[in-house]
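Here is the structure we will look at.
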Amino acid sequence: MMNVKVLFFANLRERAGSRQVELDLAPDVTVAGLKKILLEKFPALKDYLPTVLVAVDREYAFDDTVLSDGAEVALFPPVSGG
Amino acid sequence: MLAELTHEEILRYSRHLLIPEVGLDGQKRLKNSSVLLIGTGGLGSPAALYLAAAGIGRIGLVDFDVVDPSNLQRQIIHGTSTVNHLKVESARSRMLDLNPDIQVEIHNQPFTSDNAFSIAAEYDLLIDGTDNFPTRYLTNDVCVLLGKPNVYGSIYRFDGQASVFYARKGPCYRCLFPEPPPPGLVPSCAEGGVLGVLPGTIGTIQATEAIKVLLGIGEPLIGKLLLYNALEMSFEYVNLQKNPNCKICGQNPEITQLIDYEEFCGIPGYDHNERAGGYGWDISAVELSTMMANGTIPFLLDVREPHELQISAIDGAVNIPLGALAARLSELDSSRETIVICKAGTRSARALELLLSAGFKRTKNLQGGINAWARDVDPGLPQY
């Protein structure tokens, strides 16, 4: 197993009801796999996850990016205000 | 050959001339530069003021709106004396007061696929200070296709984002956000509110980045996204990558000309104060008032956030915030005539769609929201 920390930003915090969560995941889980797990834990994120920006250890991550133990995953929603 | 500075300009820009990274050559370069600001609202206000003060020789302003009293909490280029004036004219007069040596060109129209190329082609760099997704994608695509830098900023309540999207050197907006979020998911400032000083912080960062790019100094936010939170006073950075599959700047671009951005995003390119019906599901404030005066009292469902009801509310209305509505449908009686209410009619239209899809048939949307009710029926209530 490996441990990753997931951070929520902007209105994702309100939707998730949490600023961060630590998860124990099977090795070699990808960003896409993590999104599926988050969807189960936080159904309120359903509409947000497809368009959210994902950063792993402060690097932009694609859906096929593989997570490693101790990774910090940050989720940023698009915002449009100006 | 760059235009020279006059003696008056040398005095005006003295503090710039003293820093070697700008100096006389840099100041001349700024004088010979041009910037197009998309939007003269929260982000555009500080950006326009600082760019004018900095001596950018030619600044274009695109906006179609007029100054509203509710803008002044953050849109500091405008003033109480310019309420109801065109925003571009209000902004121009303030900028020329600050610096009469620059040119300010105004484009009093929405930025659209029809006019974007011809307007943007005349400027070195664009600043995205718009308030909606369709115009953000449009601004991005125009910059990619014309090969211009796009200095991006965006805000939500206490959170801000900034970057420089310059497809020749790094990723573009579509590399980060290939698809817009579903319509209605991300609240605008008019719906969700925003800390007034937040666009000051982000718009000022945009002005800084624009000057750096024009001067070729420092490390602009190319390939980096800045994420700011005012409550925590935190500045986070994410290193970005060009997306090889990006539809406009990737290896096999599909988008080679401007598209219909309102269709792409599923929403209009500008805030409509009042949702323009079209569904046959709207009721006006006056119609609702008449109906109630005649003794028909419908179920009034107010879908705003609880703290908004402290500002204004219709007696007897039941509050279920839009975000909680789907989970609380069982509390409602689908056979009863129901009027859905929000601030200006946008959230309630979304709630209406939800109710209709859940089988509620006797449901209507209060057109223009509680603000229309305050304006047309109950002047004792404030508009906000």
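In what follows, chains carry the letters A, B, and so on, assigned in the order in which the sequence lines appear, proteins first and then strands, with residues in each chain numbered from 1.
Between B/Ile155 and A/Gly82 the shortest heavy-atom distance is CG1-N, 3.7 Å. Smallest separation of non-hydrogen atoms from B/Leu240 and A/Tyr60: CA-CB, 3.9 Å. Nearest heavy atom pair, residue A/Glu59 against residue B/Val238, reads C-CG1, 4.1 Å. A/Val79 and B/Tyr152 get closest at one heavy-atom pair: O-OH, 4.0 Å. In this structure, A/Ala10 and B/Asp159 approach most closely via the heavy-atom pair CA-OD2, 3.4 Å. Contact detail for A/Phe76 and B/Phe177: the closest heavy-atom pair is O-CE2, 4.3 Å.
Contact annotation: the side chain of B/Tyr156 approaches that of A/Asn11 to within less than 4.5 Å [non-hydrogen atoms, C-beta and beyond]. Between A/Leu53 and B/Leu225, some side-chain heavy-atom pair lies under the 4.5 Å cut-off. Inter-residue side-chain proximity for A/Arg13 and B/Asn229 is flagged as met; some heavy-atom pair is nearer than 4.5 Å.
Of the possible donor and acceptor atoms, none in the side chain of A/Thr51 sits under 3.5 Å from a partner among the backbone N and O of B/Glu179.
Looking at A/Tyr48, both its backbone and its side chain come within 4.5 Å of chain B, counting heavy atoms on both sides. If you measure heavy-atom distances from B/Pro171 to chain A, you find no contacts under 4.5 Å at all. Contact annotation for B/Gln206: neither backbone nor side-chain heavy atoms come within less than 4.5 Å of a heavy atom of chain A. Heavy atoms closer than 4.5 Å to chain A are found in both the backbone and the side chain of B/Leu185. Heavy atoms of A/Pro77 lying under 4.5 Å from chain B belong exclusively to its backbone. Heavy atoms of B/Gln161 lying under 4.5 Å from chain A belong exclusively to its side chain. Using a 4.5 Å cut-off between heavy atoms, B/Tyr237 touches chain A through its backbone atoms (N, CA, C, O) alone.
Contacts of residues 33-45 of chain A with chain B at a heavy-atom distance below 4.5 Å are absent; not one residue qualifies.
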